[in-house]
*Asks:* 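Here it is: the structure, laid out below.
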Amino acid sequence: MDEGPLQIGSQWKETRKMYGKEATEHFEVMELEEPNKIIFRCDGTKGTTGKGEFVFTYVIEASGDHSDTLYGEIKGLTGIAKFFGKMMAEAFKKACAKDLDALKSYLEK
C-alpha cells in the first residue's frame with residue numbers, strides 16, 4: 001500500500017486462499033530491527049475476518065540448518081470465534097510456515 005523500503009508504519013494487503021476461499025487481510029509493520037526482527041500486526045477489522053488482532057513476531061537467528069523463529073498472538077476474539085481460534089492454531093502455524101518459506105525464496109533471489 002506504500003512505496004519505498006519497508007519501515008515502521010509500512011502497510012500492505014495480502015490475499016490468499018484459506019479453506020478454499022480467498023481472504024484478504026490488512027498488515028502494518030509495528031517494529032523493525034533489520035536484519036534480525038520484524039513485528040507486524042494484522043487488523044482483522046479491516047479484512048475478511050472482520051474482527052480480531054493478529055500480531056506476528058519474526059526473529060531471524062542462525063540455528064543449525066534453519067534460521068527462523070515465529071511468535072504469534074491473537075487478540076480480540078470473543079465467543080465462538082475465540083473457541084475456533086484455539087482450534088485453528090495448527091492451521092495458522094502451517095500458513096505461517098508457508099509464509100516463511102515464500103519469504104526465504106524471495107530473499108534468496
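The model shown is predicted, which means the values in this text are computed figures rather than measured ones.
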*Asks:* Going by salt bridge (Lys or Arg N to Asp or Glu O under 4.0 Å), name the pairs with one or both residues in residues 35-49, residues two or more places apart or in two chains.
*Replies:*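 Residue pairs passing salt bridge (Lys or Arg N to Asp or Glu O under 4.0 Å), neighbours aside: E31-K37, R41-D43, R41-E53.
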
*Asks:* How about L6 and I38: do any of their side-chain heavy atoms sit closer than 4.5 Å?
*Replies:*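 The answer is yes; the side chains approach within 4.5 Å.
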
*Asks:* Relative to the ring of F40, is the ring of F27 parallel (under 30°), tilted (30 to 60°) or perpendicular (over 60°)?
*Replies:*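 Perpendicular, since the angle between the ring planes exceeds 60°.
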
*Asks:* Looking at every non-hydrogen atom in both residues, tell me the closest pair between P5 and S10 and how far apart they are.
*Replies:*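 The pair with the smallest heavy-atom distance is O-OG, 3.9 Å.
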
*Asks:* Please name all residues satisfying side chain to side chain contact (heavy atoms under 4.5 Å, CB included) with E22, sequence neighbours left out, ordered by chain then number.
*Replies:*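 For E22 the side chain to side chain contact (heavy atoms under 4.5 Å, CB included) partners, ignoring immediate neighbours, are T15, K17.
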
*Asks:* Which heavy atom in Q7 sits nearest to a heavy atom in V29, and how many Å separate them?
*Replies:*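 The answer is O-CB, 3.4 Å.
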
*Asks:* So, taking the atom named CD1 in I39 and the one named OG1 in T57, what distance separates them when rounded to the nearest 0.5 Å?
*Replies:*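 I39 atom CD1 to T57 atom OG1 measures 4.0 Å (nearest 0.5 Å).
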
*Asks:* I need the C42 SG to E14 CD distance, nearest 0.5 Å.
*Replies:*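 It is 8.5 Å, given to the nearest 0.5 Å.
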
